[in-house]
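Working notes, structure below.
This structure is a prediction, so every number in the text was calculated from the model and none was measured.
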Amino acid sequence: MSLGIKPLGSRVVIKKLEAEEKTQGGIILASAAKEKPQMAEVVAVGPGTKDEPMELKAGDKVVFSKYAGTEIKYDGEEYTIMSQSDILATVE
């Protein structure tokens with residue numbers, strides 16, 4: 001699948017996973033009360049650089065820094081482009 005966005009260097013394109021609609025106690029949250037999601041799926045990766053080789057691949061589930069990246073809209077979808085160094089961990 002070709003996304004149409006090709007990140008450069010050690011950047012990645014992610015698509016955020018939806019925030020929880022309910023609390024553990026069963027309370028349904030209004031959209032304004034939902035926490036900004038910090039988990040995402042990697043949809044495209046750059047080639048990496050000599051100093052920072054690319055460790056991620058498309059399809060990886062990741063946790064990222066709360067205020068990292070640049071949000072963009074492309075083809076009706078919302079994505080975030082960020083540096084690989086803003087990714088904190090992968091989720092298995």
Side-chain angles (χ1 to χ4, degrees):
M1 174 187 114
S2 179
L3 175 64
I5 301 172
K6 185 174 179 185
L8 303 175
S10 60
R11 291 182 185 83
V12 298
V13 179
I14 61 170
K15 184 168 177 63
K16 293 179 183 173
L17 302 175
E18 288 300 313
E20 288 293 318
E21 299 281 334
K22 286 186 185 178
T23 65
Q24 285 184 337
I27 298 171
I28 297 174
L29 298 173
S31 60
K34 289 184 210 170
E35 266 193 51
K36 200 173 178 184
Q38 285 182 255
M39 287 188 64
E41 182 177 350
V42 175
V43 293
V45 297
T49 64
K50 182 174 65 170
D51 297 328
E52 187 178 0
M54 183 53 63
E55 298 179 46
L56 300 167
K57 63 187 179 311
D60 284 350
K61 301 269 190 287
V62 295
V63 177
F64 58 93
S65 297
K66 194 169 204 160
Y67 301 106
T70 301
E71 295 181 356
I72 63 166
K73 261 193 168 182
Y74 180 79
D75 220 11
E77 297 284 334
E78 291 187 18
Y79 300 98
T80 304
I81 300 175
M82 66 177 56
S83 176
Q84 177 180 237
S85 61
D86 290 325
I87 305 288
L88 305 175
T90 57
V91 179
E92 295 184 10

Evaluate the side-chain proximity of [Y] to [X]: yes if any heavy-atom separation is below 4.5 Å, no if none is.
{"X": "Ile87", "Y": "Glu55", "value": "no"}
{"X": "Val45", "Y": "Lys57", "value": "no"}
{"X": "Met54", "Y": "Gln84", "value": "yes"}
{"X": "Val12", "Y": "Val62", "value": "no"}

If you round to the nearest 0.5 Å, how far is [atom2] of [Y] from [atom1] of [X]?
{"X": "Ile14", "Y": "Lys61", "atom1": "CD1", "atom2": "NZ", "value": "12.0 Å"}
{"X": "Lys6", "Y": "Arg11", "atom1": "NZ", "atom2": "CZ", "value": "13.5 Å"}
{"X": "Phe64", "Y": "Gln38", "atom1": "CZ", "atom2": "CD", "value": "6.5 Å"}
{"X": "Ile72", "Y": "Ile81", "atom1": "CD1", "atom2": "CD1", "value": "4.0 Å"}
{"X": "Lys66", "Y": "Leu88", "atom1": "NZ", "atom2": "CG", "value": "12.0 Å"}
{"X": "Glu92", "Y": "Asp60", "atom1": "CD", "atom2": "CG", "value": "9.5 Å"}

Please find the pair of heavy atoms, one from [X] and one from [Y], that lie closest to each other, and give the distance.
{"X": "Thr80", "Y": "Glu71", "answer": "OG1-CG, 3.7 Å"}
{"X": "Pro7", "Y": "Pro47", "answer": "O-CD, 3.9 Å"}
{"X": "Tyr79", "Y": "Tyr74", "answer": "CE1-O, 3.7 Å"}
{"X": "Asp86", "Y": "Gly69", "answer": "OD2-N, 4.4 Å"}

Check whether more than 12 heavy atoms from other residues, nucleotides or ligands sit under 6.0 Å from atom NZ of Lys15, and answer yes or no.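 Counting neighbours around NZ of Lys15, more than 12 heavy atoms of other residues, nucleotides or ligands fall under 6.0 Å, so yes.
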
